[in-house]
Amino acid sequence: PFLQAVLEDHDFLAGDVSTGFIEQRPQLLTTHAPADRGTRLLRWLAEVTVNQPYGKAPTLLDPGEKRPAGVDLDQPSPPGSRQRLLELGPEAFAVDLRNRTGVEVTDTTFRDAHQSLLATRLRTKDMLRIAPYVGRMTPELFSVECWGGATYDVALRFLNEDPWERLAALRYNMPGLCLQMLLRGRNTVGYTPYPEKVTSAFVAEAAETGIDIFRIFDALNDVEQMRPAIEAVRETGTTIAEVALCYTADLSDPAEDLYTLDYYLRLAEKIVSAGAHILAIKDMAGLLRPPAARTLVTALRERFDLPVHLHTHDTAGGQLATLLAAIDAGVDAVDVASAPMSSTTSQPPASALVAALQHTERATNLDLRAVMDLEPYWEAVRRAYLPFESGLPSPTGRVYDHEIPGGQLSNLRQQAIALGLGDKFEQIEAMYTAANKILGRLPKVTPSSKVVGDLALHLVAAGADPDDFAENPANYDIPDSVIGFFNGELGDPPGGWPEPFRSKALQGRKIPPVHAELSEEDSAALDKPGRDRQVTLNRLLFPGPSKDFEAARETYGDVARLDTIDYLYGLRPGEEHVARIGKGVSLILGLEAIGEADERGLRTVMCTLNGQLRPIRVRDHS
Ligand code: 3PY
Ligand code: ZN
């Protein structure tokens with residue numbers, strides 16, 4: 001229902017639902033939406049208002065007001081990379097990318113940027129309000145990375161949103177641009193490998209719903225773990241398999257004996273033979289320094305005919321230099337984010353890149369003015385998500401020691417605070433470094449980064465000495481993820497298994513079960529495209545969160561319709577809150593008063609729905 005409403009509702013797409021909206025549309029005041037839907041939304045709002053799970057609303061700018069002026073949304077979006085892909089097909093599209101003079105640009109604002117800065121909390125509504133502008137103002141983008149990674153899990157688990165509805169709505173709103181997702185090989189968008197059929201059905205459904213470019217990686221650079229996903233993408237016949245080598249350490253370091261240039265070239269060779277259309281360098285922690293970027297990009301482009309796409313995180317602050325070195329060496333495409341959603345654990349800023357290359361041979365096709373004009377919106381949006389900020393206020397060079405990937409670094413800082421170690425983050429960093437060494441120097445990215453992080457947090461919480469743990473693992477509890485890793489669940493690590501540590505650690509332990517085999521019914525559901533398959537995938541990938549999501553939708557309705565400020569912080573007395581729930585149907589929601597808690601801790605929240613009083617009973621958890 002949400003999707004249908006969104007697709008039909010131009011005003012919602014334009015996000016024109018804030019101040020002045022009602023004055024301009026007096027007819028809405030007499031529209032009576034089904035009370036049921038309104039009451040359900042009020043239930044959510046009343047609960048948030050009473051319990052304030054994220055505290056009080058921060059001082060806000062209305063993002064809607066910050067959208068660029070002078071863009072005519074009645075004009076269709078210009079054709080772009082997506083039409084090129086449809087016209088040329090995947091193979092020729094890749095050749096075309098390789099032959100371009102200017103560097104091509106992927107915008108990660110809708111996925112990795114908020115995953116790395118705001119705990120992946122960006123809501124669909126904030127994406128849809130700007131998506132039509134992105135499509136019209138920056139139609140020269142190579143792609144918009146907007147799905148996959150942690151966004152799927154977080155949508156279901158924390159946002160009460162269906163990830164498939166988000167994808168379909170983004171597809172509708174950016175018809176000219178290739179939409180890109182991050183796919184964790186056989187782990188798809190989860191943390192452990194699923195049966196092959198889940199991966200192939202997932203890819204088919206994602207392609208059907210709107211993904212054009214699949215960036216596929218395996219945390220241990222094990223190509224066999226990526227093969228089913230690569231084959232599933234190739235089978236679609238219309239979408240791109242962009243296959244990543246996960247970069248770690250420093251290949252320019254003469255003392256590096258594992259992650260050398262030779263290692264990456266051998267890996268790339270396997271990736272190319274497995275059927276990749278594009279090679280990606282995935283520098284998840286921002287460790288790729290400019291000289292190494294030059295060496296790697298030059299070698300990859302000399303050795304293979306595929307175009308090369310570079311992804312990095314600006315954790316230490318120097319990655320614009322890395323992008324420029326790679327561009328100088330001929331890299332075909334790079335990833336950046338809108339400036340207010342960039343830097344530190346996120347990608348480097350789009351405007352800085354576009355400006356740096358302007359008037360040079362490799363200039364992007366993007367209009368610097370347009371890129372800058374999109375920034376105020378994102379600045380306003382970011383403010384609304386203040387409680388999810390990672391607390392990393394500046395770049396950190398310490399990443400060269402601990403090698404924590406961008407998304408995880410922001411997460412671990414939050415976890416450290418929860419453990420009462422907020423002021424002792426250096427302890428966690430040091431333990432992470434030690435845990436990585438004990439586990440055999442892994443490329444660290446979901447889910448191998450989770451294995452290292454789980455061990456580090458566990459050892460810190462136990463007050464363990466890492467040297468003693470390395471010597472006598474049998475004396476310690478070990479997190480399930482570490483046992484699963486040692487049991488080979490995630491594939492084989494590049495440097496081989498750390499022995500005798502692994503055998504000692506596994507001895508006498510119960511191995512936690514991996515995913516069950518598919519039932520016949522589920523297997524049949526995965527064969528048919530459409531909503532049933534989406535719901536089945538949600539359930540197979542994230543059983544608990546999917547169930548909670550279904551229950552929340554039943555209780556609260558489509559909370560994705562609410563503005564973020566209302567969704568996170570609730571109702572404010574004396575203010576009119578508008579929720580557009582369908583074509584020409586708006587609800588006006590308000591707060592009159594909150595009653596005292598009774599002996600069972602229940603409060604009556606006097607809400608209004610289209611001007612009529614609606615008392616809602618809410619449990620006060622304080
Ligand atoms: C993910 O797997 O979500 C990542 O962003 C890895 O970098
Ligand atoms: Zn990333």
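Whatever order the structure lists ligands and atoms in, that order sets their numbers, starting from 1.
- Using bins of under 30°, 30° to 60° and over 60° for the plane-to-plane angle, the ring pair Tyr385/Phe388 lands in the tilted bin.
- Using cut-offs of 30° and 60° on the angle between ring planes, the pair Trp378 and Phe110 is perpendicular.
- Ordered by chain and residue number, the residues placing a heavy atom less than 4.0 Å from ligand 1 are Arg111, Gln115, Gly149, Ala150, Leu182, Arg184, Phe217, Lys282, Met284, Val445, Thr446.
- Side-chain contact check for Phe486 versus Ile478: every heavy-atom pair is 4.5 Å or farther apart.
- Using a cutoff of 4.0 Å between basic side-chain nitrogens and carboxylate oxygens, Arg100 and Asp332 are not scored as salt-bridged.
- Looking at Asp162 and Arg166, no side-chain N of the basic residue comes within less than 4.0 Å of a carboxylate O on the acidic one, giving no salt bridge.
- Rounding to the nearest 10°, we obtain 100° for the angle at the Zn ion (ligand 2) between Asp112 OD2 and His313 NE2.
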- [ ] Show your working on ring-ring contact (aromatic ring centres under 6.0 Å, His included) between Trp147 and Phe214 and close with a plain yes or no.
- [x] CA-CA 10 Å; Trp147 211 64; Phe214 292 83; 8.6 Å; no
